[in-house]
There are 2 protein chains.
Amino acid sequence: MPSSKNAKTSKVAWRRRKDQREPEILAAARVVLEENGIANTSVAMIAARAGVSEATVYKYFDNKQDLINRVLVAWATPFVEVLEREIKLVKGIGGQLTLVAIRYLRGMQQTPRVHRLYYQELKWENYFGSPLHQINRRFSNIVVSVIRKGIDSGELKPDIDPLVTRDILFGGLEHIGQRTIFAGRPLDVEREASKLVSQILGGIRRTAGPDGGGDSITRLNEIISSLQLLRNDILKNR
Amino acid sequence: MPSSKNAKTSKVAWRRRKDQREPEILAAARVVLEENGIANTSVAMIAARAGVSEATVYKYFDNKQDLINRVLVAWATPFVEVLEREIKLVKGIGGQLTLVAIRYLRGMQQTPRVHRLYYQELKWENYFGSPLHQINRRFSNIVVSVIRKGIDSGELKPDIDPLVTRDILFGGLEHIGQRTIFAGRPLDVEREASKLVSQILGGIRRTAGPDGGGDSITRLNEIISSLQLLRNDILKNR
DNA sequence: ACAACAAATGAGCCGTACTTATTTATTTTT
DNA sequence: AAAAATAAATAAGTACGGCTCATTTGTTGT
């Protein structure tokens, strides 16, 4: 053991590492929560995984719910930030909504346990105004802006309610995703996403035709563009 | 006290009432759960409200979750049965879907606390195949059959997926309703319901026109018919 | 070297889901 | 009609999880 630092480590019972504790506990919490679900996870289990005492967890987090909420915020924030950047790279309402749908369903497919935390156990007591509420709003606002711009540009019917349209989209996505999360059914993300979006678009597009509105080639191009974005991203992250 | 039965009652510490206990506990549970939410309701509180000991509750229900699920089933069953009968009295897809939407949102408006139980606290561990799952399926199947018949009759596009359409409808309804339940926003049921349904219909109707498809007079008549049904029902239940 | 500080903890409180051994109302038997 | 059998109901208790507090102990400034 040539390192004097490491030699020292073995002597002490614990070390002061104020700014490392919080992210470590957060990471441990996410792992344990994903493994067992909230109901079957005790704060003691999280503390053990993080290598600290239970009381230390309560030094950094107000209570179990606060800890859970901050796990969700830590997970959702980069997700939303990436999407906010990506959405600008796609043109056309169909492609943009498809991108949102794909990202959402992919997220559910890749981290189903985190989504379970959202749906099973989200407590609404002090939700509104909380950081978790804010990041969720940022996500939902991405869709609302797309719809609003579509109405302004004349591409979408002027009398539709952007919030209702957002509700329809997320509602459909949640139902599709929950079948996968809870029933464990396999999920063809791109197929389900484009199916859902095209059906919704059919109801709000201004120029309605026999196939649900719009030039089908144009629509296809938009969706292909969002799929390419996703593919490039997957290739990059290897 | 002329009644010998009642005189006898005051002497004994408790009485054997095997078949009354379960519905009484169920009713007490619903009241207490609605008042406090699941997290703030103990089995002891429910037992006290029902006028029995805590152990008695566990004689009739496997555990707390079982009790909660059976409260939800007891609440949902008549709701679904009424809707199954009513849906036959309305003709036209628009009217039928509007009826479902109105009933759903009304339910959320009138018993928001029960809906909270659904969304906040539903445990998915042993959900699939459970009585609660089955009654939920019966409800969702009402919508699926309406869509299927619409496709068969040629009124709806042949290539739409009835399940996706159902997901869109319930998704929209849940989002609208949850704003009311949790944020406490007021809700214009008929307005929101018909708005949502007409927007969804626009995406799946075969004969698409500039206003979203279909004869607007026909659509209006359908919705009026479902509203009349609701009004009559309200008048009857006084 | 030592005082002052604050990070971390161990031990324990409290509330609640669930169990058990026991009591007691009711039914059956004779 | 009394005693035996049965099962409804309970009181008392166990286990465990969220959370707290007094105390320990590593760290920092003088």
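Please read these numbers as outputs of a predicted model, since none were measured by experiment. Note on naming: letters A, B, ... go to the chains in the order of the sequence lines (proteins, then strands), and numbering restarts at 1 for each one. All values below were derived from every heavy atom in this structure, side-chain atoms included, with hydrogens, water molecules and symmetry-related copies excluded.
Taking side-chain N and O atoms only, A:R15 has a distance below 4.0 Å to OP1 or OP2 of D:dT27.
For CG of B:N126, the number of neighbouring non-hydrogen atoms (other residues, nucleotides, ligands) closer than 6.0 Å is 12 at most. Other residues, nucleotides and ligands contribute over 12 non-hydrogen atoms within 6.0 Å of the CZ atom of B:R17.
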Taking it one step at a time, do B:E81 and B:R85 satisfy salt bridge (charged side-chain N to carboxylate O under 4.0 Å, His left out)?
CA-CA 6 Å; B:E81 283 169 351; B:R85 270 183 275 114; 5.4 Å; no
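Distance CD (B:Q20) to C1' (D:dA9): 14 Å, rounded to an integer number of Å. Protein atom CD of B:E24 is 13 Å distant from nucleotide atom C1' of D:dA9, rounded to whole Å. When the P atom of C:dA6 is taken as reference, atom CZ of A:R21 falls 17 Å away, rounded to whole Å. A:N40 places its CG atom 13 Å from the C1' atom of C:dA17, with the value rounded to the nearest Å. The distance from atom CG of B:D19 to atom P of D:dA7 is 15 Å, rounded to the nearest whole Å.
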Nucleotides 11-24 of chain D: protein proximity per nucleotide (B base, S sugar-phosphate only, - neither; heavy atom, under 4.0 Å)
B-----SBBBB---
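Using cut-offs of 30° and 60° on the angle between ring planes, the pair A:W75 and A:H115 is perpendicular.
Under the side-chain contact (heavy atoms from CB on, under 4.5 Å) test applied with A:I25, the options A:L67, A:V43, A:V71 reduce to a single match, A:L67.
B:Q109 and B:T180 form no side-chain donor-acceptor contact under 3.5 Å, judged by distance and modelled atom types alone.
B:F61 comes within contact range of no nucleotide atom at all, as no heavy-atom separation falls under 4.0 Å.
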